[in-house]
Visitor: 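Quick one: the structure is below, and I'll ask about it shortly.
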Amino acid sequence: MSTFTIYHNPRCGTSRNVLQGLRDGGVEPTIIEYLKNPPDRATLKQLIAAMGVPVREVVRTKEALYQELGLDAADVTDEQLIDAMLEHPVLINRPIVVAPKGTMLVRPSERLAEIFP
């Protein structure tokens, strides 16, 4: 089992680039296609905590559904954002990489160097 995990969307260019960067560095990560196998609440909260970022930073704000659901309102809570990401995994920003050096939303793909030399 790999010590690296990528929450991956194969249709996303950034996600594909990060996966290739890992492979070019000699790592075959555990690949979780989160649209097919979304994380549960505990896992999603654990990933967000490990990244040390606000919940809103993990939400894909460019997705039309973000505005349709009113998630852009200032009074939307972290729990409401997590609920929306669990119900609509397309709202989870990607790729998230779990590595021995840390967990990170690797966007843009050049950020991979921060956790993977």
Visitor: Let me see the working for His88 and Glu68 under side chain to side chain contact (heavy atoms under 4.5 Å, CB included), right down to the final yes or no.
Guide: CA-CA 12 Å; His88 308 283; Glu68 289 171 22; over 6 Å; no
Visitor: Is Ser15 close to Val106 at the side-chain level, that is, under 4.5 Å between some pair of heavy atoms?
Guide: no
Visitor: Is it true that a side-chain atom of Arg60 and a backbone atom of Ile92 form a donor plus acceptor pair closer than 3.5 Å?
Guide: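 Not confirmed, Arg60 side chain does not pair with Ile92 backbone.
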Visitor: Calculate, to the nearest 0.5 Å, the distance between atoms CD1 and OG1 belonging to Ile31 and Thr5 respectively.
Guide: 10.0 Å
Visitor: Looking at CZ of Arg94 and CD1 of Ile32, how far apart are the two atoms once the value is rounded to the nearest 0.5 Å?
Guide: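 Rounded to the nearest 0.5 Å, the CZ-CD1 separation comes out at 15.5 Å.
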Visitor: Are Val98 and Leu47 close enough that some pair of their side-chain heavy atoms sits under 4.5 Å apart?
Guide: yes
Visitor: Check step by step if side chain to side chain donor-acceptor pair (under 3.5 Å) holds for Asp40 and Thr43.
Guide: CA-CA 5 Å; Asp40 60 19; Thr43 302; 2.7 Å; yes
Visitor: Provide the closest heavy-atom pair for Leu86 versus Pro39 in the form atom of the first, atom of the second, distance.
Guide: CD2-O, 3.3 Å
Visitor: Would you say the side chain of Asp78 lies within less than 4.5 Å of the side chain of Arg56, judging by non-hydrogen atoms?
Guide: no
Visitor: Applying side chain to side chain contact (heavy atoms under 4.5 Å, CB included), run through Leu71 and Leu81 and close with a yes or a no.
Guide: CA-CA 7 Å; Leu71 299 175; Leu81 291 171; 4.1 Å; yes
Visitor: Could you give the distance from NZ (Lys101) to CZ (Phe4), rounded to the nearest 0.5 Å?
Guide: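 If we round to the nearest 0.5 Å, Lys101:NZ and Phe4:CZ are 8.5 Å apart.
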Visitor: Using the side chain to side chain contact (heavy atoms under 4.5 Å, CB included) rule, take Phe116 and Leu22 through it: C-alpha gap first, then chi angles, then the decisive distance, then the call.
Guide: CA-CA 8 Å; Phe116 182 63; Leu22 290 168; 3.8 Å; yes
Visitor: Is it the case that one hydrophobic cluster holds both Val90 and Leu105, taking links as side-chain heavy atoms less than 4.5 Å apart, direct or via other members?
Guide: yes
Visitor: Check this for me: does any side-chain nitrogen of one of Arg107 and Glu57 sit under 4.0 Å from a carboxylate oxygen of the other?
Guide: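 Between Glu57 and Arg107 there is no salt bridge, as every charged N stays at least 4.0 Å from the carboxylate O atoms.
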Visitor: Less than 4.5 Å apart, side chain to side chain, heavy atoms only: is that true for Ile96 and Met104?
Guide: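 They are not in contact (no side-chain heavy atoms under 4.5 Å apart), so the answer is no.
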Visitor: State, to 0.1 Å, how close Leu91 and Leu69 come at their nearest heavy-atom pair, and which atoms those are.
Guide: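 For Leu91 and Leu69, the tightest heavy-atom pair comes out as CD1-CD1, 4.0 Å.
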Visitor: Find the distance between CD (Glu63) and CD (Gln67) and round it off to the nearest 0.5 Å.
Guide: 11.0 Å
Visitor: Quick one: closest heavy-atom pair of Tyr34 and Pro89, and the distance?
Guide: CE1-O, 3.2 Å
Visitor: Please give me the minimum heavy-atom distance between Val55 and Met85, naming the atom from each residue.
Guide: CG1-CE, 3.9 Å
Visitor: Can you tell me how far OG1 of Thr30 sits from CD1 of Ile6, rounded to the nearest 0.5 angstrom?
Guide: 11.0 Å
Visitor: Within the structure provided, determine whether Lys45 and Ile82 are in side-chain contact (heavy-atom separation under 4.5 Å).
Guide: yes
Visitor: Can you check whether Thr14 reaches Pro95 side chain to side chain, under 4.5 Å on heavy atoms?
Guide: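 Contact flag for Thr14/Pro95 side chains = yes.
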Visitor: Looking at side-chain heavy atoms only, is the closest gap between His8 and Leu19 below 4.5 Å?
Guide: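 With C-beta onward as the side chain, the pair touches.
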Visitor: Whether the side chain of Glu87 engages the backbone of Ala84 through a donor-acceptor N/O pair (distance < 3.5 Å, no angle test) should be reported.
Guide: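 No: the side chain of Glu87 does not pair with the backbone of Ala84.
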Visitor: Could you check whether any side-chain heavy atom of Asp72 comes within less than 4.5 Å of a side-chain heavy atom of Thr61, counting everything from C-beta outward?
Guide: no
Visitor: Between the side chains of Arg41 and Asp83, is the shortest nitrogen-to-carboxylate-oxygen separation below 4.0 Å, so that they form an ion pair?
Guide: yes
Visitor: Measure the spacing between OH of Tyr66 and CG of Asn93 and express it to the nearest 0.5 Å.
Guide: 11.0 Å
Visitor: Yes or no on side chain to side chain contact (heavy atoms under 4.5 Å, CB included) for Val53 and Val58, after CA distance, side-chain angles and deciding distance?
Guide: CA-CA 8 Å; Val53 298; Val58 183; 3.7 Å; yes
Visitor: Using a strict 4.0 Å threshold on nitrogen-to-oxygen distance, state whether Arg11 and Glu33 make a salt bridge.
Guide: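 Here Arg11 does not pair with Glu33 in a salt bridge, since their nearest N and O are not under 4.0 Å apart.
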